[in-house]
Enquirer: 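Here it is, the structure in full.
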Amino acid sequence: MGRVQGKVAIVTGATYVDAGGLNIGGATATELAAEGAKVVVADINVAGAEALAKILNDKFGENTVLPYGLDLRNESEIEALIAQTVSTFGTIDVVVNNAGIFPGDDGDVANMTIEAWDNVMAVNVRAAMLMTKHALPHLRKNGGSVINTSSTHAMAGDSSLTGYGASKAALIALTKFTATQYGKEGVRCNAILPGTTTTPPAQQLPQVIKDIYISHTPNPDLNGPTELAKAYLFLASDDSRGINGEAIRVDGGLLAHQPFVADMVRFGQMTAGANE
């Protein structure tokens, strides 16, 4: 029996694209389906959600995965997603609030526009709150798991992506409040904080940028979506029933070290080379 056998999950921000394959949501949906769950994959990229659903239904059986297109900035569309999930699969056990954006106009504070700020907050934070709000009547019946995708940007600053970082920090607070308010009813809520991950957009970065990220990650390589998905599966399963209100970094050790470590390693290599 699979680790989430018989559970019903919604994963937002879940797609498959030809240029890059699975994103974190798509990999998470794959792990959930492989372990026995029925899954709704929801994204504004309808074609990407449909492509993912076809792959997973072909692999795990017809009607395992339902694709759903929506704009998470609209509460009415979120309500319709919840209703469709219950109508199709009967209940909701797991909600993965994974959808998020980091648009090009999300820069530094001095140049931040209200429109850019509000757009990021609407997708990254408000949508997660509304997804949880409208799923709660179903989650509170038999218990369940909510998993929010935060980021290491919630824990440290950057020269841009101000709205993104602030929104991901807010998700950690939302996680703790949700866990506190509904834990006694069997509803757990945890957050995962990915570091740089080889998602389809990251695969398109110049190699020099990838090398910078790799140099600051203690693990040999950057995590891929599948490494992240294993953590989501764990938090969705009853194996993690003792974990509630946690923010768990899955970043290959990115934030485990002092900021100067990569520079010191390079300095040591240069010094050793000069002494040869």
Side-chain angles (χ1 to χ4, degrees), residues 1-17 21-43 45 48-70 72 78 81-82 84-100 127-128 131-132 135-136 138-139 141-150 175 186-194 197 199-200 223-241 243-244 246 248 250:
M1 179 177 291
R3 296 168 67 184
V4 287
Q5 191 71 39
K7 293 184 184 293
V8 175
I10 301 173
V11 184
T12 66
T15 61
Y16 175 90
V17 295
L22 297 171
N23 61 7
I24 293 173
T28 298
T30 301
E31 293 293 325
L32 292 169
E35 292 287 340
K38 300 291 188 181
V39 186
V40 178
V41 292
D43 201 277
N45 176 5
E50 290 177 342
L52 174 62
K54 184 180 187 308
I55 291 169
L56 298 185
N57 284 328
D58 288 346
K59 186 172 184 178
F60 300 115
E62 189 177 358
N63 300 321
T64 297
V65 176
L66 173 71
Y68 195 94
L70 84 165
L72 286 163
I78 290 173
L81 166 62
I82 298 297
Q84 184 63 60
T85 301
V86 174
S87 174
T88 302
F89 293 127
T91 189
I92 300 171
D93 302 293
V94 178
V95 175
V96 179
N97 290 313
N98 176 69
M131 282 289 300
T132 303
L136 273 169
H138 308 284
L139 296 170
K141 290 178 182 178
N142 299 303
S145 176
V146 178
I147 309 166
N148 295 321
T149 299
S150 181
T175 295
V187 179
R188 297 183 296 111
C189 186
N190 295 287
I192 289 178
L193 285 62
T197 307
T199 58
N223 283 332
T226 298
E227 282 76 28
L228 270 295
K230 300 290 186 183
Y232 286 89
L233 171 63
F234 171 65
L235 291 177
S237 75
D238 293 338
D239 292 342
S240 62
R241 59 187 174 273
I243 301 174
N244 198 12
E246 284 298 317
I248 301 171
V250 186

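The model shown is predicted, which means the values in this text are computed figures rather than measured ones. We count residues from 1, following the sequence as given.
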Enquirer: If every non-hydrogen atom of Leu52 is compared with every non-hydrogen atom of Gly26, which pair is closest and at what distance?
Expert: CD2-CA, 3.6 Å

Enquirer: Rounded to the nearest 0.5 Å, how far does CG of Asn244 lie from SG of Cys189?
Expert: 7.5 Å

Enquirer: Could you check whether Asn23 and Thr15, counting side-chain N and O atoms only, form a donor-acceptor pair closer than 3.5 Å?
Expert: yes

Enquirer: How close do Thr197 and Gly224 get, counting heavy atoms only, and between which atoms?
Expert: CG2-C, 3.5 Å

Enquirer: If you look at every heavy atom in Pro225 and Leu22, which pair is closest and at what distance?
Expert: CG-O, 3.4 Å

Enquirer: May I have the step-by-step check of side chain to side chain contact (heavy atoms under 4.5 Å, CB included) for Glu35 and Leu233, ending in yes or no?
Expert: CA-CA 9 Å; Glu35 292 287 340; Leu233 171 63; 3.7 Å; yes

Enquirer: Is any side-chain heavy atom of Ile248 closer than 4.5 Å to one of Leu193?
Expert: no

Enquirer: Measuring from atom NZ of Lys38 to atom OG1 of Thr64, what distance do you get when rounded to the nearest 0.5 angstrom?
Expert: 4.5 Å

Enquirer: Would you indicate whether the side-chain heavy atoms of Thr28 and Leu228 approach each other to under 4.5 Å?
Expert: no

Enquirer: Under 3.5 Å, which donor-acceptor pairs do the side chains of residues 5-13 form with other protein atoms, sequence neighbours left out?
Expert:
unit_1: Gln5; atom_1: OE1; unit_2: Gly2; atom_2: N; d: 3.3
unit_1: Thr12; atom_1: OG1; unit_2: Val96; atom_2: O; d: 3.4
unit_1: Thr12; atom_1: OG1; unit_2: Asn98; atom_2: N; d: 3.0
unit_1: Thr12; atom_1: OG1; unit_2: Ala99; atom_2: N; d: 3.0

Enquirer: Under the side chain to side chain contact (heavy atoms under 4.5 Å, CB included) rule, what do Val41 and Asp43 come out as? Steps first, then yes or no, please.
Expert: CA-CA 7 Å; Val41 292; Asp43 201 277; over 6 Å; no

Enquirer: Between the side chains of Thr91 and Asn142, is a donor N or O closer than 3.5 angstrom to an acceptor N or O?
Expert: no

Enquirer: Looking at side-chain heavy atoms only, is the closest gap between Leu70 and Ile78 below 4.5 Å?
Expert: yes

Enquirer: So, taking the atom named CD in Glu246 and the one named CG in Leu235, what distance separates them when rounded to the nearest 0.5 Å?
Expert: 10.0 Å

Enquirer: Working to the nearest 0.5 angstrom, can you tell me the gap between Leu66 CG and Ser87 OG?
Expert: 9.5 Å

Enquirer: Please check: side-chain N/O of Arg241 versus main-chain N/O of Gly186, any donor-acceptor pairing under 3.5 Å?
Expert: no

Enquirer: Quick check for you: to the nearest 0.5 Å, what is the distance between Lys59 atom NZ and Ile55 atom CD1?
Expert: 9.5 Å

Enquirer: Go through it in stages, so that I can follow the logic: the residues are Val4 and Glu31, the test is side chain to side chain contact (heavy atoms under 4.5 Å, CB included), and I'd like the CA-CA distance, side-chain angles, deciding distance and then a yes or no.
Expert: CA-CA 10 Å; Val4 287; Glu31 293 293 325; over 6 Å; no

Enquirer: To check you understand the geometry: which heavy-atom pair defines the closest contact between Pro200 and Gly21, and what is its length?
Expert: CG-O, 3.7 Å

Enquirer: Dump the intermediate steps for side chain to side chain contact (heavy atoms under 4.5 Å, CB included) on Asn148 and Asn190, then the final yes or no.
Expert: CA-CA 6 Å; Asn148 295 321; Asn190 295 287; over 6 Å; no

Enquirer: Please round to the nearest 0.5 Å and tell me the distance separating atom CG of Asp93 and atom OG1 of Thr85.
Expert: 11.0 Å

Enquirer: So, do Val40 and Thr88 sit near enough that their side-chain heavy atoms are less than 4.5 Å apart?
Expert: no

Enquirer: Please report the closest heavy-atom contact between Phe89 and Val39, naming both atoms and the distance.
Expert: CE1-O, 4.1 Å

Enquirer: Under a 4.5 Å cut-off applied to non-hydrogen side-chain atoms, are Asn97 and Val146 in contact?
Expert: yes

Enquirer: Under a 3.5 Å threshold, yes or no: a donor from one side chain and an acceptor from the other, between Thr149 and Tyr232?
Expert: yes

Enquirer: Closest heavy-atom contact between Ser237 and Arg3?
Expert: CB-O, 3.6 Å

